[in-house]
Amino acid sequence: MTKGYSTSWGQLPISLNQLCLATVLRCGQSFRWKLSGPDEWSCGFPDRIISLRQNPTHLHYRATYPSPPSPSSKDDTEDIVRDYFNLSVDLASLYEKWSTADPNFKKKAGEFRGVRMLRQDPWECLIGFICSSNNNISRIGQMVDKLCMTYGKPLGSLTHTSTNPPLASSTPSTINSPTPTQVEYYSFPSIESLTAPDVEETLRKLGFGYRAKYIYNTACMVHNDRPKGFLNTLRDEKNYKEAHEALLEFSGVGPKVADCVCLMSLDKMGAVPVDTHVWQIATRDYKFGKGKHRSLTKAVYDAVGDHFRELWGDTAGWAHSVLFTADLRTFADRLENTKTTTVKTKVKVEVKEEEDEEDSEIKKEEIEEEVVKKVESKRVRKRGADGQVKSETTIVKVEERTERRTRRRRG
DNA sequence: TCGGCACCTGATCA
DNA sequence: ATGATCAGGTGCC
């Protein structure tokens, strides 16, 4: 059984428009939440495991402690949950505001209600996003897990099942119990624990690659060269720009990671992290990627953020997350067996006069255009509550884009 | 200020 | 089967 001392389930009234748990916990803000049941998510916090479930009207929460809490102590898990999910922010009215300001937002956001920003611990957020560079979400999660297992504090274990016991524990379920497994939970490592001399070597052995040095260096900088509680002071005592600058000092932290930390842990709602996805959105839907800003330089990075802040206002970072999430393919809850085939067709090869006035050196540009058809077929299996496959269909999605190859010649 | 390249690793695709 | 490319970038020249 579960090793630990679980409180009973509490609940907060909240609609799916305000919070969509399954989306928010998997859209790449935090990399640590695990599916502990078919509709139950759990994560290690500093002194307890917190487990969550959601139905259309309520968010359910409970804590599991490694040792029995003293009878007199009041359980503050509800406060932690309210804070972690930024529940004082009315998301529905923000969606209305962004939709009014931007037709593209209105179009895209319809399917993705309840995407809100978490309010994470700044230290955890910083290290998590240092891991994210040149990396994919799945591996980032694995790396953060290894980090916690190696340097975090064990918090006990939960029994993971593919079926949930009922919330109001009436009957001990003897039926429907396919292969439950024990999963250990850990806290996120302290700053000091990542300053140990062996950290870089250990993390390299664990597959962190060049990020091992970044993590170790950053831990040392925060621990040795900054006042105690420094990262938390960036929340209240510094504005967005100041906090951003302060974060850039750390090893492995560039503008994108700094913005992630500002947005997801430091209450800077206007910070817009521009990564490859957001850059794709900006070029596809907001006319970036041409002329002056062809590639994502620092100046263009700032221009993209400024554009979205003008469009969506001082909560642009929250809005950006909705579109980012809408663009993520990774809503693979019931999606399995994705097959992608790419068909390239050479359409035309021509020589054009260079239109770009920015670089007068170049008179001519050969442009080859190819239409690239990406055919993505997904086998979708819908499972019932018992885990049985109820139906199976294949969705075929065709993406078409034009690729341009340019060869520059001097006239 | 801009472009180019190296950097760890594992998955995916041609 | 094996090489190229990509994945929520950063640092350095």
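In what follows, every chain begins at residue 1, and chains take the letters A, B, ... in the order their sequences are listed. What you see below is based on every heavy atom in this structure, not just the backbone, and it leaves out hydrogens, waters and symmetry mates.
Distance CD1 (A/I215) to C1' (C/dT10): 13 Å, rounded to an integer number of Å. As a whole-Å value, the separation of A/H293 NE2 from B/dG3 P is 12 Å.
Within the 4.0 angstrom heavy-atom criterion, only backbone atoms of the sugar-phosphate kind lie near A/G207; the bases stay farther away. A/A299 comes within contact range of the sugar-phosphate backbone alone, with a heavy-atom separation under 4.0 Å but no base atom that close. The residue A/S138 sits apart from the nucleic acid: no heavy atom pair falls under 4.0 Å.
Contact check, A/T297 against B/dC2: a side-chain N or O comes under 4.0 Å of OP1 or OP2. Between A/R204 and B/dC8 there is a side-chain N or O to OP1 or OP2 distance below 4.0 Å. Note on A/S132: every side-chain N or O is 4.0 Å or more away from OP1 and OP2 of C/dG9.
If A/H320 and A/S251 are placed on DNA chain C by their nearest nucleotide, the residue sitting closer to the 5' end is A/H320. Each of A/Q29 and A/V253 lies near DNA chain C, and the nucleotide nearest A/Q29 is the one positioned closer to the 5' end.
Taking the six-membered ring for Trp and the full ring otherwise, A/Y286 and A/F308 have centroids separated by under 6.0 Å.
Base-pair partner of C/dG11: B/dC5 (Watson-Crick or G-U wobble, both distances under 3.5 Å).
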